[in-house]
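Naming: A, B, ... by sequence-line order, numbering from 1 per chain.
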Amino acid sequence: MKIAIASGKGGTGKTMIATSLAASLAPNYKVHLVDCDVEAPNTHLFLKPEVFLSSSAVVNIPQIDPDICNLCGVCVEVCQFHALAMIAEQILVFSQLCHGCGGCTLACPMKAISEFPQEVGKLNQGKAEACIKNDFGVMTISEAMPTPIIYQLKALESEPSDVTLLDAPPGASCAVVATIYDVDYVLLVTESTPFGLHDLEKALGIVSKTGSPAGIIINRDGIGDGQVEAYLAQTPYPILMKIPYHVKIAEGLGSGKLLVDIFPSLRVDFLNLFKQISEAIPTCKGEPC
Amino acid sequence: MIIIITSQTKDLDSQPNPQFGRTPYFIKYDLESDEWEALENPAQKEPGGAGIAAAQFVIDNNAKAVVSGRFGPNAHDVLRTAGVELLTFDANCTSIKQVIKSYKEGSLTKG
């Protein structure tokens with residue numbers, strides 16, 4: 001069973017929810033928490049996993065052999081991302097725009113292109129308390145594209161788990177789509193403010209396209225203007241949980257504590273949340289699957 | 001010799017466009033024959049790599065010099081490698097006609 005925790009607006013509490021859900025489920029289920037926010041991963045700051053394996057995320061960048069290349073320009077035409085340009089006597093490669101699709105290599109009639117892996121980030125696999133597997137990707141500073149790292153992070157070999165939680169990046173970009181497109185359920189964490197609502201609508205736009213069931217968690221309940229609730233009442237998406245605004249939570253998170261360590265009674269609420277999610281996934285019939 | 005200028009619209013009275021990669025139009029001007037045409041920029045709506053696509057387009061149109069308000073780093077690299085002269089116009093050039101005049105007088109800024 002794969003559950004993504006996304007938001008739209010940044011800073012709404014995705015990681016807070018993801019790590020506490022993981023900790024609440026861990027006593028009874030094998031939990032795998034994957035931090036897909038590779039530009040600014042933070043689940044490991046709370047779960048403090050022991051990283052047992054760190055590998056490279058790579059993009060295969062084309063290299064053109066100038067002795068074989070006849071400057072026909074087919075590669076430039078084929079590249080959807082304008083990562084290649086033909087100037088006078090050479091083909092220029094812009095590796096930061098290259099998506100590593102391999103299209104140019106396939107299309108070259110002279111077979112003049114070979115591919116070389118360029119490291120664009122790290123994939124870290126770790127074991128945290130209560131046997132939670134905590135994986136997180138880290139994009140190399142100055143790289144422009146998180147999506148190859150996210151796909152490679154999700155594809156890492158792992159022991160089978162009962163529940164995989166994916167902590168998504170903020171926003172409603174390619175990185176978010178890459179994280180959530182193939183999950184069984186999307187939890188959207190928001191706050192009842194105009195920014196929260198605006199970005200929640202964008203995130204729901206993606207969810208409606210991928211077709212996965214989804215539910216909402218309202219964080220910092222007590223602040224804001226109630227418009228999120230009014231908006232959601234017109235949609236099929238249920239509000240599953242509300243976390244009240246509380247200075248103690250902010251203070252605790254600031255020192256790396258889990259929400260369910262700040263307010264332990266919430267463990268029961270997270271188990272309840274999980275039950276509601278399982279019931280909403282058609283193939284699962286109320287059990288992790 | 002062909003010079004290409006980024007332009008807001010399709011004629012010589014148009015204001016020159018401050019951007020290169022996503023300019024709506026290019027004015028392609030032959031300095032020897034004074035013949036010219038307006039070309040729509042194919043890179044304008046591209047999600048990424050617009051500077052490279054625009055530079056490729058300009059090179060394919062045989063420009064020896066390009067004039068805009070500014071050039072991004074990728075466009076800059078492509079055009080420099082191709083040996084195309086990069087020039088920028090200032091606030092005094094309010095029309096394509098004036099840009100061409102300034103070019104002939106040698107008063108455009110290099111780079």
Give a yes or no on whether [X] atom [atom1] has more than 12 heavy-atom contacts from other residues, nucleotides or ligands under 6.0 Å away.
X        : atom1 : value
Gln98(B) : CD    : yes
Gln8(B)  : CD    : yes
Leu53(A) : CG    : yes

Query - Side chain / backbone / both / neither for Phe94(A) at chain B, heavy atoms under 4.5 Å - result: side chain
Query raised in the report: Side chain, backbone, both or neither: which part of Gln90(A) has an atom under 4.5 Å from a heavy atom of chain B?
Result: side chain
Looking only at the side chains, is there a donor atom on one of [X] and [Y] sitting less than 3.5 Å from an acceptor on the other?
X        : Y         : answer
Thr12(A) : Asn219(A) : no
Lys14(A) : Ser7(A)   : yes
Asp35(A) : His44(A)  : no

Report task. Give the intermediate values and the outcome of side chain to side chain contact (heavy atoms under 4.5 Å, CB included) for residues Ile5(A) and Leu165(A). Result -> CA-CA 7 Å; Ile5(A) 299 104; Leu165(A) 302 175; 4.1 Å; yes
Query - Proximal to chain A - members of residues 42-76 of chain B, heavy-atom separation under 4.5 Å - result: Glu46(B), Gly48(B), Gly49(B), Ile52(B), Ala53(B), Gln56(B), Ile59(B), Asn74(B)
Query raised in the report: Can you pull out the residues in residues 12-38 of chain B with any heavy atom less than 4.5 Å from chain A?
Result: none
Query raised in the report: For Gln80(A), does its backbone N or O pair with a side-chain atom of His82(A) as donor and acceptor, under 3.5 Å?
Result: no
Query - Cationic N near anionic O, under 4.0 Å, Lys10(B) to Glu40(B) - result: no
Report summary line: Looking only at heavy atoms, the pair that brings Ser54(A) and Lys122(A) closest together is OG-CD, 3.7 Å
